[in-house]
Amino acid sequence: MRILFDSQELKYKTPFGTLSQGELCTLNIHIPCSVQATKVECVLDYEDGRPGVVAELTKARTEGAYDIFSGSFSMEDPGLYFYYFRIYKPTDSFRLFKYGHDTNMEAGDRWQLTCTPKDFVTPDWAKGAVFYQIFPDRFCKVGAPDLTGKLEPYTVHENWNDEVHWRPNEKGEVLNNDFFGGNFRGITEKMDYIADLGATIIYLNPISKCFSNHRYDTADYKTPDPMLGTIEDFKALCDAAHERGIKVILDGVYSHTGSDSPYFQSACQSPDSPYYSWYTFYEYPNRYNSWWGFETLPTVNKLDPAFMDYIIDAEDSVVAHWLGLGADGFRLDVVDELPDAFVLRLKNRIRQIRPDALLVGEVWEDASNKISYNIRRRYFVDGALDSCMNYPFRNAILHFVKGWDNGLNFKETVMAIAENYPPQVLSCNMNLLGTHDTPRILTALVDDFEGSREEYAVRKLSCEERSLAEQRLLMASFLQFTLPGAPSIYYADEAGIEGHKDPFNRRTYPWGQEDQDLLAHFKKLGALRKELAALRLGDIHFFCWDGKKLGFSRCLNSEKVNVYVNASDTPWETPDEQVLFGHNADGHTLSPMGFCITKEA
C-alpha cells in the first residue's frame, strides 16, 4: 500500500492551487496503518533552499487501512515555496516526495506552492475576456498612408493582397521595411467586425514611430507612426472600442530601441547626451550591447534612472502618455529580459494612473517558476503580471489535436498551470493558438516543415491538408474557448489564412476572401463564451483524458457545463445531457473529430 497525497485533489489539499498571504491551507495525507506513523511534518522551503515553514500534521482519524493525518498553516511572506513531508515512526523517520501524482520515499520531486501578496488583484474586465491581436500594418487600410518623415528605405505595396517581402537585400539583410498601409482608421472601421467575434480586448502590436513594419525597433516612444495615423486617430480608435465594451492594450517594448531612434543617435553623438546612460558602449560609439546581436536593436539599461523616469515615473512618462490617450494596459515584450524591479515599478505606476489597468507578460513557459538568465522570476509572488501569453496551453492543444497525445499530457499541462498560477491570473491568461511569433495556426496544425525562407515562400497546403487543418482548427479553437483564461485570436486566423514563420505569418487580412465556415465557427464560440459564465470564470475538473478523448467540466456556483472532445478514430457515446453546442455530434454520439458542450438535464 502506498502513502496517498495529490496536491491537485481537494481531499488532500485545500484550497486548490496558490495561496494568498495569511490564507489558511489544510493538508490531509493518507498513510497506511501498517507504517505506524506517529507524526507528520510538512517542510516548506523557499525556492532558494532557505527554511520557510514547518507545519505539523496530527492523526485526525482512521479510514479503513489508512490513518489520516491533517494539519493547517498559513504563509506570511509572499514567495515561491517547495515542500515535502517528513513522516515519523516510533523509532525513526523518512521523507516523502512527489512522484507524478503518486508519492515516493526519499527520492522524487518536491511539491510547489506559491504565496501571493494579499492585495494582488487583476482587472475584472480581463477575466474570461476574448483578445483580438492585431498586427497594425496588415489588418485594414483606410485612406492613403502619411509618409512624412518616414525613415528610408521603405516600400509601400500598391496591392493589398501582395506577398510580403522576404528576400534579403544585397548585403544579406532582411529589413522588414515593406508596408501595406494598415492603420488606426482601418481598425476603427472594422470595430463592429471585431465586436461580432465576441472580442472584448484588442491587443495591438507596436504602434510607435519606427523604421520597420513590425515596429519593435522603437524610434519615438510617444509618437504613433504617421503611417498608422495621428494621436487623434488613436484616440478615436479607443473611443470606438470603449463604446462597444472593448478595451485596448498596447505592446510595451522596453528591452531595446531602434538604432535610428533619436535616443540612440543622441547617445552616439555625445557622452553628455541625456540618453547616453540608457545604453552600454564597448567601444564608443561603434560597438555597443544589442538585442541578441542585432545592431539595429541596441539594448537599454532597464534600471538606469533616466530610462525608468522616461518610461515609468515622469508625469508624462511613456506609460502615462498612452494611458492618458485611451489605452487600458500593456503587454510587455520579452518580459523575461526586464528586471523584476522594472516590471513591478511599471505595474505600480500604471495602477496609480488607472486602478484597473492590465499588464500582460510575454512568457513562453510556466511563468510561476520561470528561471531567466539564472534568476528565478517573481511575476506572481510580487503581484506584478496580471496575465501571461499562455504558450503551454497552445502546445498542449496542438499536440492533442494532431494526435501526438492520448489526452494525458493535455490534462497534466492544463492542471499544472491551473495549480501554479494564482486564480486571478489564470482567468486573465492570454490563451493563444497563433501570434506574430508563430506559424499561422492552420499551417501549424498540419505542416511541421522546417526550411528556408525560399521554401516557406512557395509552400502552400494541398486541398487534403487544408481540409484536415480546418477540421483540426475547429477542435483546437473549441478547446481554446472552453479552457480557463482569455482566448486570443490572432487577426485573420478566423478567416483561414496560412503561413509559416515570420514574415509569412504576417500577411494581410483577406477581406472579401474569408473562409466563411471558419468565421461563423469563431463567432459562435465568442457568443457561447459570452452566454456561459462558467466558461469565463469557472473551475475546471477533468473526468476523461485517455484514448484521445477529453472530458472536463467548468463549474461556477450552480452553473456547470461539460465539455467532450473526441480526437480518436472511433465514435464516443456521451451521457444524456442537453447539448448547447457541437460539431460532428449526432445526438449523444461524437464522431471522430467531434466535440460538444453540454449541460446536465
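Both backbone and side-chain heavy atoms feed into the values below; hydrogens, waters and symmetry mates do not.
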Would you mind checking if Asp386 and Arg351 are paired as a salt bridge, meaning a charged N to carboxylate O distance below 4.0 Å?
-> yes

Anything under 30° is parallel, anything over 60° is perpendicular, the rest tilted; go ahead and classify Phe264 against Tyr279.
-> perpendicular

Verify the neighbour count for atom OH of Tyr284: are there more than 12 heavy atoms of other residues, nucleotides or ligands below 6.0 Å?
-> yes

Do you see a donor-acceptor pair shorter than 3.5 Å between the side chains of Tyr373 and Asp336?
-> no

Any salt bridge between Arg376 and Asp48, counting N to O under 4.0 Å?
-> no

Return yes if a side-chain donor-acceptor contact under 3.5 Å exists between Asp437 and Thr435, otherwise no.
-> no

Consider only side-chain N and O atoms of Ser208 and Asp220, and report whether a donor and an acceptor are under 3.5 Å apart.
-> no

Taking atom types as modelled, is there a side-chain donor on Arg331 or Tyr203 under 3.5 Å from an acceptor on the other?
-> yes

Start with the C-alpha gap between His214 and Phe135, add the side-chain angles, then the distance that decides, and say whether side-chain contact (heavy atoms from CB on, under 4.5 Å) holds.
-> CA-CA 8 Å; His214 56 67; Phe135 194 82; 3.8 Å; yes

Please test Leu297 against Thr257 for side-chain contact (heavy atoms from CB on, under 4.5 Å), starting from the C-alpha separation and ending with a verdict.
-> CA-CA 6 Å; Leu297 300 174; Thr257 66; over 6 Å; no

Arg50 charged N/C atom sitting above Tyr46 aromatic ring, 6.0 Å / 45° = yes

Donor-acceptor pair between Tyr216 and Asn205 side chains, under 3.5 angstrom | yes

Would you say the side-chain atoms of Glu337 and Trp292 include a donor-acceptor pair closer than 3.5 Å?
-> yes

For a salt bridge (charged side-chain N to carboxylate O under 4.0 Å, His left out) with Arg345, tell me which candidate from Asp313, Asp340, Asp309 qualifies.
-> Asp313

Pair Asp502 + Arg506, salt bridge at N-O below 4.0 Å | yes

Does some side-chain heavy atom of Tyr81 sit less than 4.5 Å from a side-chain heavy atom of Gln112?
-> no

For the ring pair (Phe, Tyr, Trp, His ring centres under 6.0 Å) test, which of Tyr132, Tyr193, Phe180 pairs with Tyr509?
-> Tyr193

Go through Phe234 and Phe184 one step at a time and tell me if the ring-ring contact (aromatic ring centres under 6.0 Å, His included) criterion holds.
-> CA-CA 6 Å; Phe234 175 74; Phe184 294 146; 5.6 Å; yes

Do you see a donor-acceptor pair shorter than 3.5 Å between the side chains of Gln133 and His436?
-> yes

Evaluate side-chain contact (heavy atoms from CB on, under 4.5 Å) for Phe82 paired with Asp109, printing each intermediate quantity in order.
-> CA-CA 9 Å; Phe82 292 93; Asp109 300 317; over 6 Å; no

Run the side-chain contact (heavy atoms from CB on, under 4.5 Å) check on Phe342 and Phe307 step by step: do they pass?
-> CA-CA 10 Å; Phe342 181 94; Phe307 182 71; 3.8 Å; yes

Residue Glu295 excluded, over 12 heavy atoms near CD under 6.0 Å = no

Determine, for Lys235 against Asp233, whether the closest basic-nitrogen to carboxylate-oxygen distance falls under 4.0 angstrom.
-> no

Considering the options Asn301, Asn289, Thr299, which one meets the side chain to side chain donor-acceptor pair (under 3.5 Å) requirement together with Thr280?
-> Asn301

Run the ring-centre check on Trp278 versus Tyr263 and record whether the distance is less than 6.0 Å.
-> yes

Taking only residues two or more places apart in sequence or in another chain, which ones pass salt bridge (charged side-chain N to carboxylate O under 4.0 Å, His left out) with Glu419?
-> none

Geometric cation-pi criterion, Arg440 with Tyr491: 6.0 Å, 45° | yes

Relative to the ring of His500, is the ring of Tyr456 parallel (under 30°), tilted (30 to 60°) or perpendicular (over 60°)?
-> parallel

Taking atom types as modelled, is there a side-chain donor on Tyr154 or Asn213 under 3.5 Å from an acceptor on the other?
-> no

Ion pair check, Lys501 and Glu450, cut-off under 4.0 Å | yes

Geometric cation-pi criterion Lys222 and Tyr310, 6.0 Å radius, 45° cone | yes

